[in-house]
Amino acid sequence: VSDQWRERALALPPALRDYQQYTDIETALDQAASAEANGWRHLILMTDGVIDLPPSRGNKPDIDAASRQRLVESLAPRFADRGVVVHAIAFSDEADLALVEQLAQRTGGLAAVAKSPERLLGAFLDIIERIFPADQVPLEEDDRFVIDPSVENLSALVFHGPDDEPVTLVAPDGTRD
C-alpha cells in the first residue's frame with residue numbers, strides 16, 4: 001500500500017456517507033474499470049439491491065432504467081474488449097439477478113447469489129479458481145488424497161467444522177504435519 005493509496009482510502013468515508021442511500025452501479029464499475037492495469041483486471045461487484053440513482057439526476061424510474069441499459073449494452077461490452085472481467089455477487093433475491101448474470105456473462109466473469117457467509121466464501125473461492133486456475137485432487141472415500149511423487153509443491157485448502165477431528169497431512173516420507 002503506497003502513501004498515495006492510503007490518503008485516497010482515508011478520504012473515502014465522507015464521500016461514502018453522502019451516497020450510501022443510492023446504488024450507482026454504473027458509475028462504480030466505470031470508475032473501477034478505468035484504473036491503470038497491465039493485463040486482465042477482475043472486478044468483484046457485491047450488491048444487495050438494484051440500480052437506484054438519486055432523484056436529483058432526473059425522472060425515476062427512467063434514469064435507473066437508462067443506467068441499467070447503458071451498463072449492460074455499452075459498458076459491459078467495452079469492459080470485455082478492454083480485458084475487464086466483472087464477477088458479480090448478489091446478497092439476496094431482492095437484487096437485480098438478471099443484471100448480475102448479464103454483467104458476468106458479457107465480461108467473462110462469474111455470477112453468484114450468496115445469502116449466507118458460507119455461500120459468500122464459496123463464491124469468492126469460485127472467483128479465485130477462475131482467476132488462478134489450479135489442478136485439484138479429489139478426496140477418496142476415507143477423506144484421503146494421494147499426490148503424485150513428481151509434484152514438488154502443494155497447497156491444501158481444507159475446511160472443517162469446529163468439532164471435527166484435526167486435519168493431518170502425511171508427507172511422502174511418512175512424517176505427519
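Both Val151 and Leu139 belong to a common hydrophobic cluster when Ile, Leu, Val, Met, Phe, Trp and Tyr are linked at side-chain heavy-atom distances under 4.5 angstrom. No path of Ile, Leu, Val, Met, Phe, Trp and Tyr side chains, each step under 4.5 Å between heavy atoms, connects Val50 with Val72, placing them in separate hydrophobic clusters. Under a hydrophobic clustering in which Ile, Leu, Val, Met, Phe, Trp and Tyr are joined whenever their side-chain heavy atoms come within less than 4.5 Å, directly or via other members, Leu71 and Val100 fall into different clusters. Residues Val84 and Leu29 share a single hydrophobic cluster, defined by chaining ILVMFWY side chains whose heavy atoms lie under 4.5 Å apart. In the hydrophobic cluster analysis, where Ile, Leu, Val, Met, Phe, Trp and Tyr join through side-chain heavy atoms closer than 4.5 angstrom, Ile44 is grouped apart from Leu125.
Atoms NE2 and CG, from His87 and Leu45 in turn, are 11.5 Å apart once rounded to the nearest 0.5 Å. Here the straight-line distance linking atom CZ of Arg144 with atom OG1 of Thr168 works out to 9.5 Å at 0.5 Å rounding. His42 NE2 to Ile131 CD1: the interatomic distance, rounded to the nearest 0.5 Å, is 4.5 Å. Remark: Leu110 CG to Glu101 CD distance equals 12.0 Å, nearest 0.5 Å. With rounding to the nearest 0.5 angstrom, the CD1 atom of Ile25 is 5.5 Å from the CG atom of Leu99. In this structure, the separation between CG on Leu97 and OG on Ser92 is 7.5 Å, given to the nearest 0.5 Å.
What you find for Ala33 and Phe79 is that their closest heavy atoms are CB-CE2, 3.5 Å.
Side-chain atoms of Thr107 come within 3.5 Å of backbone atoms of Leu103 as a donor-acceptor pair (strictly under, hydrogens ignored). Here the side chain of Arg41 pairs no donor or acceptor atom with the backbone of Gly83 at under 3.5 angstrom. Side-chain N or O atoms of Lys115 include none that pairs as donor or acceptor with a backbone N or O of Phe91 at under 3.5 Å. Under a 3.5 Å cut-off, the side chain of Thr23 and the backbone N or O of Asp52 do not form any donor-acceptor pair.
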Going through the distances and angles, do Arg68 and Asp64 end up as a salt bridge (Lys or Arg N to Asp or Glu O under 4.0 Å)?
-> CA-CA 6 Å; Arg68 187 186 191 286; Asp64 297 334; over 6 Å; no

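Under a cut-off of 6.0 angstrom, the local environment of CG in Asn38 is sparse, with at most 12 non-hydrogen atoms contributed by other residues, nucleotides or ligands. Environment of CG in Asn153: sparse, with no more than 12 heavy atoms of neighbouring residues, nucleotides or ligands closer than 6.0 Å. More than 12 heavy-atom neighbours from other residues, nucleotides or ligands sit within 6.0 angstrom of CD on Glu140.
You'll find the side chain of Phe132 stays beyond 4.5 Å of the side chain of Ile127, heavy atoms only. Contact of the Gln102 side chain with the Glu73 side chain is not registered, since no non-hydrogen atoms from C-beta on lie closer than 4.5 Å. Residues Ser56 and Tyr22 form no side-chain contact, since every pair of their non-hydrogen atoms from C-beta on lies 4.5 Å or further apart. When side chains are defined from C-beta on, Glu94 does not count as touching Asp48, because their heavy atoms never get closer than 4.5 Å.
One finds a salt bridge joining Arg78 and Asp30 here, because a Lys/Arg side-chain nitrogen approaches an Asp/Glu carboxylate oxygen to under 4.0 Å. Remark: Arg57 engages Asp24 in a salt bridge, criterion side-chain N to carboxylate O under 4.0 Å.
The side-chain hydrogen bond (donor to acceptor under 3.5 Å, both in side chains) analysis of residues 119-131, with sequence neighbours excluded, yields the pairs Glu129-Gln136.
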